[in-house]
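One structure is given here, and the rest of the page talks about it.
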Amino acid sequence: MRIDILTLFPAMCEAVLGESILKRARGAGLIEINCRDIRAYTKDRHNRVDDSPYGGGYGLVMQVQPICDCFESLCEELGRRPRLIYMSPQGRTLTQQRVKELAAMDNIALLCGHYEGVDERVLEEIVDEEISIGDFVLTGGELPALVLADSITRLQPGVLSADEAFEKESHFAGLLEHPQYTRPFEWRGREVPEVLISGHHANIERWQRERSLERTFNRRPDLLEGAELSDKDRTFLDTLK
């Protein structure tokens, strides 16, 4: 899969992309992530990519020409048109389900706004979808784009050691993840649940499932409505009510 990030701050993005799992995945050729500098496409002699909004108001708005030229250059390079996603607080809130859907695509492009956002004609002309990572506002779209790129990368084949590494995580199957423990067995009077060191795999799996259900019930009960639940799961949930 290939992800292209259209941004005014490619170095900021590369700083994150050059670390941890993202770095290893890129280095191994498991995913291709590129940063494209929107400023390189401006035709303004002062290298500007923004201007004051018509109608007045605070802040600056990113201009349509550099953004569209940047995206059209990408399309020409690829020989096709990737799905363009604008990272925006006005977009649909990102979910694990949408991450899975995007992770199955061959190529997407992520547009990072800045200042007061982008000229509306950018949205009308080239943007396919707007995505938000939450009901709050950030300085720019770079951090949300990196969040999305990270969440997509870890679902690519070979990035994690096994599918189970993410299939049991929070939100993947509609539930929050069960508690996790490691050494030491006892710390400040708190011990690891005995079942986890019992070696009885069926009991361990059931304990993990029940703790996942319990945690979801207590913290995010709204998720249960769309979760895949067995009759045994539903019976357990009834004991929590």
Side-chain angles (χ1 to χ4, degrees), residues 1 3 16-17 19-26 28 30-31 33 85 87 91-105 108 131-136 138 143-241:
M1 181 184 185
I3 300 174
V16 175
L17 296 172
E19 299 289 342
S20 189
I21 289 176
L22 287 166
K23 177 183 179 180
R24 294 197 296 270
R26 294 173 82 195
L30 299 174
I31 192 168
I33 307 178
I85 299 169
M87 308 308 298
R92 182 174 64 170
T93 303
L94 183 64
T95 64
Q96 186 65 28
Q97 179 58 39
R98 189 58 184 146
V99 170
K100 288 190 283 185
E101 293 165 356
L102 294 173
M105 296 182 181
I108 63 172
I131 287 181
S132 168
I133 62 167
D135 294 334
F136 52 91
L138 296 170
L143 293 176
L146 291 167
V147 166
L148 181 53
D150 182 282
S151 62
I152 288 174
T153 297
R154 61 200 322 278
L155 296 188
Q156 298 303 308
V159 172
L160 300 184
S161 58
D163 289 347
E164 289 81 359
F166 57 76
E167 287 179 350
K168 291 187 177 181
E169 291 180 330
S170 294
H171 300 291
F172 189 86
L175 299 175
L176 301 184
E177 189 177 13
H178 57 78
Q180 299 277 15
Y181 298 87
T182 187
R183 293 182 177 82
F185 173 75
E186 185 274 333
W187 181 78
R188 295 184 179 178
R190 299 176 183 271
E191 296 183 348
V192 175
E194 290 285 349
V195 64
L196 297 179
I197 61 171
S198 67
H200 195 299
H201 297 298
N203 287 350
I204 292 173
E205 288 182 6
R206 190 59 208 165
W207 181 90
Q208 291 174 335
R209 181 66 175 180
E210 290 180 351
R211 298 294 75 72
S212 177
L213 290 165
E214 183 177 46
R215 181 159 286 186
T216 306
F217 177 84
N218 290 329
R219 299 184 182 184
R220 289 291 306 277
D222 56 296
L223 296 177
L224 293 172
E225 185 175 344
E228 300 176 7
L229 303 176
S230 66
D231 290 340
K232 186 177 291 187
D233 291 337
R234 296 183 188 281
T235 298
F236 175 76
L237 287 170
D238 285 341
T239 67
L240 302 178
K241 298 177 181 176

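Positions are given from 1 along the sequence.
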Not counting sequence neighbours, which residues clear side-chain hydrogen bond (donor to acceptor under 3.5 Å, both in side chains) with [X]? List them please.
X: R26; answer: E14
X: E101; answer: Q97, R98
X: D231; answer: none
X: S230; answer: D233

Decide yes or no for [X] and [Y]: does some side-chain heavy atom of the first lie under 4.5 Å from some side-chain heavy atom of the second?
X: L213; Y: L229; value: yes
X: L160; Y: I21; value: yes
X: L102; Y: I131; value: yes

**Step-by-step side-chain contact (heavy atoms from CB on, under 4.5 Å) determination, L143 to V16** = CA-CA 9 Å; L143 293 176; V16 175; 5.7 Å; no
**Request:** Could you go through the side-chain contact (heavy atoms from CB on, under 4.5 Å) check for I108 and M1 one step at a time?
**Result:** CA-CA 8 Å; I108 63 172; M1 181 184 185; 3.9 Å; yes
I'd like to know if the side chain of [X] and the backbone of [Y] have a donor-acceptor N/O pair within less than 3.5 Å.
X: Q156; Y: A103; answer: yes
X: S132; Y: T93; answer: no
X: T216; Y: P221; answer: no

**Prompt:** After noting the C-alpha distance and the side-chain angles of N203 and E194, does the key distance pass the side-chain contact (heavy atoms from CB on, under 4.5 Å) rule?
**Reply:** CA-CA 11 Å; N203 287 350; E194 290 285 349; over 6 Å; no
How many angstroms lie between atom [atom1] of [X] and atom [atom2] of [Y], to the nearest 0.5 angstrom?
X: L175; Y: E214; atom1: CG; atom2: CD; value: 12.5 Å
X: I31; Y: I152; atom1: CD1; atom2: CD1; value: 7.0 Å
X: T153; Y: K23; atom1: OG1; atom2: NZ; value: 15.0 Å

**Request:** Sequence neighbours left out, what passes side chain to side chain contact (heavy atoms under 4.5 Å, CB included) with P193? Give chain and number order.
**Result:**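 Once residues adjacent in sequence are excluded, the partners of P193 under the side chain to side chain contact (heavy atoms under 4.5 Å, CB included) criterion are Y181, V195, L196, W207.
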**Request:** List for me each residue that meets side chain to side chain contact (heavy atoms under 4.5 Å, CB included) alongside Q180, sequence neighbours excluded, and say none if there are none.
**Result:**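 Checked Q180 against side chain to side chain contact (heavy atoms under 4.5 Å, CB included); matches are E177, H178.
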**Message:** On a heavy-atom basis, which atom in E210 and which in F236 lie closest, and how many Å separate them?
**Reply:**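 Taking every non-hydrogen atom into account, O-CE2, 3.2 Å.
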**Request:** Test L148 against I3 for side-chain contact (heavy atoms from CB on, under 4.5 Å), laying out the working first.
**Result:** CA-CA 10 Å; L148 181 53; I3 300 174; over 6 Å; no
**Asked** If you draw a 6.0 Å radius around CG in D135, do more than 12 non-hydrogen atoms from other residues or ligands fall strictly inside?
**Response**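 For D135, atom CG is not crowded (no more than 12 foreign heavy atoms under 6.0 Å).
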**Asked** Taking NZ, NE, NH1 and NH2 as the nitrogens, is one of them in R209 or E205 under 4.0 Å from a carboxylate oxygen of the other?
**Response**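 Here R209 does not pair with E205 in a salt bridge, since their nearest N and O are not under 4.0 Å apart.
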